[in-house]
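What follows is a single structure, written as structure tokens, with notes after it.
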There are 2 protein chains.
Amino acid sequence: MPPHEHPAAADSARELIAAHGGRVTRTRVAVIEALQRSAHPLSHDEIGATLDGAGIGHDRVTLYRALDWLVEQGIAQRIAGGERAWRFEIRRDGDHRHAHFHCERCGQIVCLEDVPAAAPTLPAGFAVARAELVLHGACADCGRAGVEGKEG
Amino acid sequence: MPPHEHPAAADSARELIAAHGGRVTRTRVAVIEALQRSAHPLSHDEIGATLDGAGIGHDRVTLYRALDWLVEQGIAQRIAGGERAWRFEIRRDGDHRHAHFHCERCGQIVCLEDVPAAAPTLPAGFAVARAELVLHGACADCGRAGVEGKEG
DNA sequence: AATCTAATGCTACAATGTTGCATCAAAAGC
DNA sequence: GCTTTTGATGCAACATTGTAGCATTAGATT
């Protein structure tokens, strides 16, 4: 085990991957750990930066495929949230139906763990697989910094 | 007035544009009419096809800018709904906070006029400008056609 | 009709995501 | 420990969606 990693985190990531019948690769372990460490969903780009920071070579395609696999396996989930790019977050058991807040000031996506994204009653015939509730506005940090400008 | 258009629709589009201080151009009129006629939000691409069908020359950029202007003026609004591309719909008075349904089978976005996309109580400091509630699954048509396959 | 300038249309570009294929390396077998 | 198998990677090339700059066109006004 590399001495510069948290043993528990690395183990849980490795076990998670193996439990789904996938190969335990540097990329997948690092992606899962990055998502687990982050308090908010990460974009492909942000995850890539994390990998670079960890000295893990990769390219865009590998990362996309690793993320695709994680989503496919139900380990992670995609959020359409902010702008054009997807964001990813780890699916914690039973916890994957919370709403998200997109700050139009700083671009950040915040998980609103307390706010459920539940599907209301729908017209007959509609089968809902998942609900996405995204609130747009100014987050607590940006709201404090100033009402109109970028800085207070 | 061109004889192949609905006079009322054309007038309302023209008036709408003029009321916002913009120039009444073929593109804008056609885009507004397309959105008004459609029961569901349209993608940039679908709107472009409508313009082509109406024999109105245009290019991608013009259409993007026309749509940007409509959104800017509050005449239309963007929906992040389905995949990567934005969708657009006309803003009807007071009616612009309904939820949307994204059918993962046919890719269609359906307006759920009866389902409000209201923001629930948030942590202190969060200012919500708008709420987007998108439900993903199978729409009534696709659900009827078959449970797993594309066709019943 | 002449004028003014918003809007268009072109080219070129940026950002995000996908496909095909040769190579590499993780897991399994020996 | 070495070889085999094949899933995962990395590269190049491409597809889609959206923007920026700028010359030209055409809507509104005089």
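Proteins come first, then strands; the chains are lettered A, B, ... in the order of their sequence lines, and each starts at number 1. Worth knowing before you read on, the calculation uses all heavy atoms, side chains too, and leaves out hydrogens, waters and symmetry mates.
- B/Thr62 comes within contact range of at least one nucleobase, with a heavy-atom separation under 4.0 Å.
- Relative to the side chain of B/Val61, the nucleotides D/dA20, D/dG7, D/dA12 differ in distance, and D/dA20 lies closest.
- The side chain of B/Asp68 lies closest to D/dT19, out of C/dT16, D/dG18, D/dT19.
- Judged by distance alone, with hydrogens and angles left aside, A/Arg65 brings no side-chain donor or acceptor close enough to the base of C/dG17 to form a pair under 3.5 Å.
- Counting any heavy atom pair closer than 4.0 Å across all strands shown, B/Val24 reaches sugar-phosphate atoms only and no base atom.
- With hydrogens and angles ignored, no donor-acceptor pair under 3.5 angstrom links the side chain of A/Arg84 to the base of C/dT16.
- A salt bridge links B/Glu104 with A/Arg130: the closest approach of a Lys/Arg side-chain nitrogen to an acidic carboxylate oxygen falls below 4.0 angstrom.
- The residue A/Trp86 sits close only to the backbone: its heavy atoms come under 4.0 Å of sugar-phosphate atoms, none of a base.
- Here the nucleotide nearest the side chain of B/Arg28, chosen from D/dC11, C/dA7, D/dG18, is C/dA7.
- Between the base of C/dG17 and the side chain of A/Arg60 there is a donor-acceptor pair shorter than 3.5 Å.
- Taking atom CZ on A/Arg26 and atom C1' on C/dC24, their separation rounds to 10 Å, with Å as the unit.
- Salt bridge present: A/Asp68 and A/Arg78 bring a charged side-chain N and a carboxylate O closer than 4.0 Å.
- Across every non-hydrogen atom of B/Ala131 and B/Arg97, the tightest pair is O-NE, 4.1 Å.
- Cluster annotation: B/Leu133 and B/Leu122 are assigned to the same hydrophobic cluster (Ile/Leu/Val/Met/Phe/Trp/Tyr, side-chain heavy-atom contacts under 4.5 Å, transitive).
- Residue B/Thr25 places no side-chain N or O under 4.0 Å from the OP1 or OP2 atom of C/dA6.
- Atom CG in B/Asp59 sits roughly 10 Å away from atom P in C/dT11 (whole-Å rounding).
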